[in-house]
Student: 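Sending over a structure as structure tokens; questions will come in a sec.
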Amino acid sequence: MKKQTVKEILQNYKKILHHDITIYGWVKAFRSNRFIALNDGSTINNLQIVVDFENFDKKIIDKINTASSLKVIGEVIESQGAGQSVEIIAKKITILGDHFAEELQNTILQPKKHSLEKLREQAHLRFRTNLFGAVFRVRHAVSFAIHQFFNQNHFFYIHTPIITGADAEGAGEMFGVTNFNLNQIPKTENGDIDFSQDFFGRKTNLTVSGQLEGETAAMGLGRIYTFGPTFRAENSNTARHLAEFWMIEPEVAFNNLEDNIDLAEDFLKYIIGYVLEHCKDDLEFLDKRFTEEQKSKPEKERAKESLIEKLQNVVAKRFIRVSYTEAIEILSNSKENKKGKFQYPVEKWGTDLQSEHERYLVEKHFESPVVLFDYPKDIKAFYMKLNEDGKTVAAMDVLFPGIGEIIGGSEREARFDVLKQRMSEMNVDEHELWWYLDTRKFGSVPHAGFGLGLERLVIFITGMSNIRDVIPFPRTPKNAEF
Ligand code: 4AD
Ligand code: MG
């Protein structure tokens with residue numbers, strides 16, 4: 001018979017009652033030398049194995065401990081005890097992997113509460129914990145829902161390059177890619193680094209966004225999206241920034257800014273709705289943890305809703321849409337601003353919004369996800385469509401409670417002349433981006449797209465507070481362990 005996961009057994013046990021089955025997993029707990037809680041990672045729920053120790057070699061029983069891995073053959077019966085519907089009467093137990101008892105003492109596999117920091121130090125083991133099992137199953141569901149949403153809406157998945165020769169997006173500091181011997185870097189006569197001798201014969205970097213290449217694909221395929229790793233060498237040690245994160249970037253021919261905002265809203269709601277429907281057990285667990293965590297916060301900072309309520313409300317409510325100009329008015333007239341409570345006071349039109357401002361709008365003023373649009377051109381990228389006022393561009397940011405910016409996007413500048421002008425104003429090398437400009441020469445069309453930071457969405461959905469806890473092996477300044 002095909003191997004069955006614990007999840008399948010728990011779901012379908014009625015069909016296999018009184019049959020012998022084989023199961024595999026790790027011991028989560030071994031109570032009274034009689035009840036093993038076995039888990040194989042497929043679900044947060046454990047399968048109870050009943051061990052009549054008189055029928056087993058004592059040597060085997062003695063070796064069973066938290067963290068050992070087992071193969072068990074046993075009969076499926078309806079549970080006698082409370083707390084589970086099914087259990088397995090063990091007939092044969094094989095220990096697959098022993099545990100190193102002394103070292104186990106120092107690991108997070110010891111069954112007690114460990115801090116998230118400690119869990120991060122042992123990121124290679126944290127998949128085994130209930131919390132990280134739940135987080136990474138949800139991360140999977142989010143990724144799957146993203147592909148499903150786009151597939152259902154006739155988008156094509158495009159793999160844009162990870163190593164790129166263009167460093168013009170302006171999205172952040174880039175990591176260089178080279179195979180030079182760093183002790184002997186070839187120089188030109190002027191003393192500059194001679195990249196013509198490097199692997200690609202030019203300077204190359206890790207991508208900060210697949211957008212520009214994505215746009216070229218949308219100019220033939222119509223609706224595309226990218227979903228890939230993204231690298232930014234910003235020295236931001238915050239709970240919202242990673243040096244390596246995953247970004248999803250749809251790009252749609254013939255869409256304008258409003259279509260783009262509609263797409264972003266539908267997209268986020270679809271993903272959250274999918275997780276609410278398909279990850280009930282994990283969400284219930286995360287919801288309890290979230291509620292517990294709120295208790296340790298000062299009353300003022302506590303969330304008003306449970307995690308699940310928060311997700312349900314985001315799906316149910318229409319996102320508030322306000323222009324940057326309106327937002328600046330709201331912020332500059334706010335009590336917070338007048339009383340000097342913002343670290344960065346809001347003084348004049350044209351300044352970039354800080355995350356404290358974004359969070360004020362979302363969490364205090366509107367108490368809803370907010371889409372800000374039409375930003376001053378000087379604080380946004382060169383490729384955004386210049387509006388008729390000549391001052392703003394057709395940009396949009398989606399702001400979420402507890403997170404701030406979760407999506408950034410825009411309608412693109414489709415007019416060749418205007419784009420060229422904007423590139424020169426913003427010192428973007430038009431020779432380097434000749435291929436990008438080409439798309440505006442041959443059947444240019446209005447188009448729009450955005451980027452979603454996968455980890456920011458996963459923080460929101462799981463209720464975790466640090467981005468390092470929603471990616472298996474976080475990359476942050478001074479940290480690339482594992
Ligand atoms: O706003 P950003 O920089 O937009 C772009 O890169 C555009 N090219 C997107 C597009 O229009 N196709 O980044 C998009 C999103 C942000 O809203 C944020 O969620 C996430 O990517 N993000 C990060 N996530 C984690 N760590 C970082 N350092 C991030 N920088 C951006
Ligand atoms: Mg942005």
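Numbering of ligands and ligand atoms starts at 1, following listing order. Worth knowing before you read on, the calculation uses all heavy atoms, side chains too, and leaves out hydrogens, waters and symmetry mates.
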Student: Looking at V428, is its backbone amide N or carbonyl O close enough to the side chain of R422 to form a donor-acceptor pair, meaning the two atoms are under 3.5 Å apart?
Tutor: no
Student: Check each atom of ligand 1 against the heavy atoms of G451 and keep those under 4.0 Å away; list them by number with element.
Tutor: 9 (C), 10 (C), 11 (O), 12 (N), 14 (C), 15 (C)
Student: Please could you name the atoms of ligand 1 that I467 approaches to less than 4.0 Å, counting only its heavy atoms?
Tutor: 25 (C)
Student: Enumerate the atoms of ligand 1 whose separation from the nearest heavy atom of R240 is less than 4.0 angstrom.
Tutor: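 This gives 25 (C), 26 (N) as the contact atoms.
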Student: Checking H147 side chain against F144 main chain: does a donor-acceptor pair fall under 3.5 Å?
Tutor: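 It does not hold such a pair.
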Student: Looking at E234, which atoms of ligand 1 are within less than 4.0 Å of one of its heavy atoms?
Tutor: 28 (N)
Student: Atom 27 (C) of ligand 1: which of F400, W246, F245 has the nearest heavy atom?
Tutor: F245
Student: Does the residue R412 have a heavy-atom contact with ligand 1, meaning some pair of atoms that are separated by less than 4.0 Å?
Tutor: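 Yes, R412 has a heavy atom closer than 4.0 Å to ligand 1.
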Student: State, without any angle test, whether D374 and S323 hold a side-chain donor-acceptor pair at a distance under 3.5 Å.
Tutor: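 Per modelled atom types, D374 and S323 side chains form no pair under 3.5 Å.
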Student: Is the closest N or O pair between L242 and ligand 1 shorter than 3.5 Å?
Tutor: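 Yes, L242 has an N/O under 3.5 Å of an N/O on ligand 1.
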Student: Please classify the R456 to ligand 1 contact at 4.0 Å (heavy-atom distances, strictly less than): side chain, backbone, both or neither.
Tutor: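 Within the 4.0 Å criterion, R456 contacts ligand 1 through side-chain atoms alone.
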Student: Taking 4.0 angstrom as the limit and counting only heavy atoms of I407, give me the atoms of ligand 1 inside it, by number and element.
Tutor: 17 (O)
Student: Walk me through it: do K288 and E284 pass the test salt bridge (charged side-chain N to carboxylate O under 4.0 Å, His left out)?
Tutor: CA-CA 6 Å; K288 280 200 199 102; E284 269 167 34; 5.5 Å; no
Student: Which N/O/S atom belongs to E405 and is the closest one to the Mg ion (ligand 2)?
Tutor: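 Going by distance to the Mg ion (ligand 2), the closest N, O or S atom in E405 is OE2.
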Student: May I ask you to test the T66-L109 pair for a side-chain heavy-atom distance under 4.5 Å?
Tutor: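 Side chain of T66 against side chain of L109, heavy atoms only: no contact under 4.5 Å found.
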Student: So does K391 get a backbone contact from the side chain of D389, meaning a donor-acceptor N/O pair under 3.5 Å?
Tutor: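 Looks like yes, one N/O pair under 3.5 Å.
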Student: Would I406 count as being in polar contact with ligand 1, using the rule that some N or O on each side must be under 3.5 angstrom apart?
Tutor: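 Between I406 and ligand 1, an N or O pair is found under 3.5 Å apart.
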Student: Under 4.0 Å from a heavy atom of G453: which atoms of ligand 1 are those, numbered in the order shown and with their elements?
Tutor: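 Near G453, meaning under 4.0 Å from one of its heavy atoms, ligand 1 has 15 (C), 19 (O), 20 (C), 21 (O).
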Student: Take every heavy atom of E455, measure it against each atom of ligand 1, and state whether any distance is under 4.0 Å.
Tutor: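 E455 does not count as a contact of ligand 1 under the 4.0 Å cut-off.
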Student: Tell me whether the guanidinium CZ or amine NZ of K269 lies under 6.0 angstrom from the six-membered ring centre of F319 and within 45° of its axis.
Tutor: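 Geometry flag: set, cation within 6.0 Å and 45°.
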Student: Looking at ligand 1, is there an atom of it that comes within less than 4.0 Å of some heavy atom belonging to Y383?
Tutor: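 Within the 4.0 Å threshold, so yes.
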Student: Could you verify whether a donor N or O on one side chain and an acceptor N or O on the other, from Y383 and E215, lie under 3.5 Å apart?
Tutor: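 The criterion, which ignores hydrogens and geometry beyond distance, is not satisfied for E215 and Y383.
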Student: Angle between ring planes, F227 versus W246, binned at 30° and 60°: parallel, tilted or perpendicular?
Tutor: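 F227 and W246: perpendicular rings.
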Student: Considering the heavy atoms of F450, write down every atom of ligand 1 situated less than 4.0 Å from one of them.
Tutor: 9 (C), 10 (C), 11 (O), 12 (N)
Student: Side chains of I108 and F132, heavy atoms from C-beta outward: is any pair under 4.5 Å?
Tutor: no
Student: Go through ligand 1 atom by atom and flag the ones less than 4.0 Å from a non-hydrogen atom of G408.
Tutor: 1 (O), 9 (C), 10 (C), 11 (O), 17 (O)
Student: Can you find an N or O of Q211 that's nearer than 3.5 Å to an N or O of ligand 1?
Tutor: yes
Student: If you apply the rule salt bridge (charged side-chain N to carboxylate O under 4.0 Å, His left out), what do you find for R289 with E292, and how did you get there?
Tutor: CA-CA 5 Å; R289 190 202 83 91; E292 230 9 77; over 6 Å; no
Student: Which one of E249, E215, H241 has a non-hydrogen atom at the shortest distance from atom 12 (N) of ligand 1?
Tutor: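 Minimum heavy-atom distance to atom 12 (N) of ligand 1 goes to E249.
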